[in-house]
Amino acid sequence: MRERTTIETINPATGEVLDHHEYMSNAEVEAAISKCHQAFLTWRDVPVEERAERIKAIGKALLGAKEELAQLMTDEMGKTLVQSRQEVDLCAAICQYTAEIGPNSLKTGERDMVNGSKGRVSYAPIGVVYGIQPWNYPSYQVVRYSIASLMAGNAVLLKHASNVTGSGKLLERLYKSADIPEGLFTTLVINHDQSEAVIKNNWVRGVTLTGSPGAGRKIGQTATAALKKTVLELGSNDAYLVFDDADIDLAVKACVKGRIYNNGETCIAAKRFIVTAKVYEEFREKFVKAMSEVKTGDPNEESTQLGPMARQDLRQELHEQVVNSVEKGARIACGGKIPDGVGFFYPATVLENVQPGQPAYEEELFGPVAALIKARDNEDAMRIANDSRFGLGGGIFSKDEDAAIEMAEKHFDTGMVFINTFGLADPAMPFGGVKNSGYGREHGGFGLKEFVNIKAVMRGQ
C-alpha cells in the first residue's frame, strides 16, 4: 500500500499554512467509488421532479453557508471576498435554474418515424461522472458540472485542485445536507496516479475536466482508451476587439474588469486586447492609466480590486511569460515587476507591441497581464483574434451592435462572444469552447444531456 501523505493548503495573501489534508488510500478510493455507484442505483429511480427539489435544497445550503464558503475560497486561492460571495450567488442561481428547466428538458418525447411508426426518445442517466476541477473558482467549477449531472440522475465524484481541498470538502458537506443519498456526491482527496485509476474504474462512465490543454490531452487520451465520454473545458487567450466606432470609455472600463476579475485567473478572462489603428492611441492611454491605478491588496478589504495569485509557482510562471515576451520585442506599459513583501501578488500589467512569436500573443496569460495589439481595421482585428489555437470566449466593442453580432456569429471562431461588455457565465447560456479550448457544453440545459444515454424506443407498426 502506498504511504499516506498530506496536502498543505497555503493562504496566498500571507504565505501562511491554512490546513493539512490527508490523501486517501487506494482501498478508500475504491470503497468511495463503490459507494457512489450504489447511491446512483437509488438516485436514478428518483423521479426527476423530486431530484429538482434536492437540487434546490443544495442551492439553499450553499446560500446558508455563504459567508463560510466565501471566506474559505478567499483564504485558499486569494480572490477578493466580494467576488467569492458573488461566486456563491452564481452557484445558487445555477441550482435554481437547473431545477426549473430540468424536468422538462429531460422529459421523454414522442416522435413520428419515417416508416409511419411511433418512437420515443428518453434521456437515461449513465452512472458515475468524475469531475477533475481547478482552483480558480473553487465552488463554481464544481457546481457547473455536478448539478447538471445530478439533475440528470447520475452520481458525482470530484477531484479538486489540491490548494482548494478545503473548499472541496466543504462542498461535499453542503451537498450531503440537502438529503441526497449517502455517497452520491463524493470528494476524493487523491493524487494524479490515483486519478488515472478512477478514470479507468468500470463504474465511472463519464469524465469532465476543466484545466489546461495539456491536462485535457492526457485526461482525454486516458478516458478515450477506456471508451469513456468526456467533456473538456480548457484554457484560452480570449480576444476583446475594439472597433473603429467603439465607445472607448465603455471599452476601457469593461476591459480592465475583464483582465483583473478573479485576479486575472479566469479561463474566460479578457486577455488579448485588439484595437484598431483609428482608436488605438486613445484606448491605449486610458487603458494603461486605468490598469496602473488598480488597487492591489488584502482580498478581504472591500476596496481591493486585485488580490494575490493563487500560488507562488503560478506567479513565477506568469512573470517568465512577461520577461520572455519583452525579450522578443514587447514593451511594458505598466506593471511587470514582482513586488517585495509577503504574499503572491503581481501588479496589473499591460504589454504593448505584442507580436506573433511572443508568449503574450501565443499563450494564455493566467494572471493580471494584458496583451495590447494594434490592428489595421475591424476585419484585421477579427483576423488577429482568430489567429489563435484557442477559442473559448471573446468580445467586440462597437456602437453598431447588429453588425457586431453578425460578425460574432459568422466569423468569431470561439464558443462565447460578449458584445459591449465583459461577461462570465450565465446559467441560461451554453458555456464551452472550440479548438484547444476543448469540447462539450455546460449551462443553458446543454450540460444536462452531456452524460446521458439518449435512448431510442421504437414501436412496431
Side-chain angles (χ1 to χ4, degrees), residues 12-13 78-83 237-242 246-266 269-310 314-355 358-361 363-375 395 397 421-422:
K79 69 168 72 231
T80 66
L81 188 56
V82 169
Q83 291 175 8
N237 60 354
D238 287 1
Y240 275 63
L241 284 55
V242 183
D247 181 330
I248 299 303
D249 290 335
L250 171 66
V252 168
K253 182 178 180 180
C255 288
V256 171
K257 178 182 178 182
R259 182 59 289 204
I260 68 169
Y261 194 87
N262 206 54
N263 302 338
E265 297 166 313
T266 303
K271 298 183 177 96
R272 293 181 297 150
F273 301 87
I274 305 171
V275 186
T276 62
K278 181 177 180 180
V279 295
Y280 181 86
E281 291 304 327
E282 180 185 358
F283 179 88
R284 178 205 175 278
E285 179 182 355
K286 293 179 177 180
F287 183 63
V288 172
K289 181 178 186 293
M291 287 285 281
S292 66
E293 293 173 350
V294 168
K295 183 178 179 183
T296 302
D298 183 353
N300 293 289
E301 296 292 335
E302 284 197 18
S303 60
T304 296
Q305 296 172 279
L306 183 64
M309 294 192 64
L314 297 171
R315 179 176 68 170
Q316 185 59 38
E317 180 181 327
L318 179 70
H319 186 60
E320 288 174 2
Q321 289 175 302
V322 170
V323 171
N324 290 340
S325 295
V326 171
E327 289 174 348
K328 294 181 178 181
R331 295 189 299 271
I332 298 175
C334 67
K337 294 183 180 180
I338 296 178
D340 296 328
V342 299
F344 312 140
F345 293 92
Y346 199 84
T349 299
V350 178
L351 294 177
E352 56 186 338
N353 196 39
V354 173
Q355 302 289 337
Q358 300 170 2
Y361 187 97
E363 301 173 6
E364 179 174 31
L365 301 177
F366 212 67
V369 178
L372 191 54
I373 303 170
K374 183 188 289 188
F397 291 91
T421 187
F422 164 70

What's the verdict on side chain to side chain contact (heavy atoms under 4.5 Å, CB included) for Phe287 and Glu352, showing C-alpha distance, side-chain angles and the deciding distance?
-> CA-CA 11 Å; Phe287 183 63; Glu352 56 186 338; over 6 Å; no

Given the rule in the side chain to side chain contact (heavy atoms under 4.5 Å, CB included) test, do Asn262 and Gln83 qualify, once you have shown the distances and angles that lead to the verdict?
-> CA-CA 7 Å; Asn262 206 54; Gln83 291 175 8; 4.2 Å; yes

Show the nearest heavy-atom pair for residues [X] and [Y], with the distance to one decimal.
X: Gly336; Y: Thr349; result: N-OG1, 2.9 Å
X: Tyr261; Y: Thr266; result: O-OG1, 3.6 Å
X: Cys255; Y: Tyr240; result: SG-CB, 4.4 Å
X: Ala360; Y: Ser325; result: N-OG, 3.0 Å

Would you say [X] and [Y] make side-chain contact, with heavy atoms under 4.5 Å?
X: Leu365; Y: Arg272; value: no
X: Leu351; Y: Ile332; value: yes
X: Glu302; Y: Val82; value: yes
X: Phe344; Y: Leu314; value: no
X: Pro347; Y: Val294; value: no
X: Leu318; Y: Phe366; value: no

Distance-only, no hydrogens or angles: does the [X] side chain make a donor-acceptor pair with backbone N or O of [Y] under 3.5 Å?
X: Arg259; Y: Ala269; result: no
X: Asn324; Y: Pro359; result: no
X: Gln358; Y: Gln355; result: yes
X: Asn263; Y: Glu265; result: no
X: Ser292; Y: Cys334; result: no

Would you find more than 12 non-hydrogen atoms of other residues, nucleotides or ligands less than 6.0 Å from Lys278 atom NZ?
->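 Incorrect, the count does not exceed 12.
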
Distance under 6.0 Å and angle within 45° of ring axis: Lys374 vs Tyr280 |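 Yes; both conditions hold, so Lys374 lies above the ring face of Tyr280.
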
Answer with yes or no whether the side chains of Asn237 and Lys271 bring together a donor and an acceptor at under 3.5 Å.
->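 Short answer, no.
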
Should Thr80 and Gln305 be marked as a side chain to side chain contact (heavy atoms under 4.5 Å, CB included) after you check the CA-CA gap, both sets of side-chain angles, and the distance that decides it?
-> CA-CA 7 Å; Thr80 66; Gln305 296 172 279; over 6 Å; no

How far apart are the C-alpha atoms of Ile338 and Tyr346, what are their side-chain angles, what is the distance that settles it, and do they pass the side chain to side chain contact (heavy atoms under 4.5 Å, CB included) test?
-> CA-CA 6 Å; Ile338 296 178; Tyr346 199 84; 3.8 Å; yes

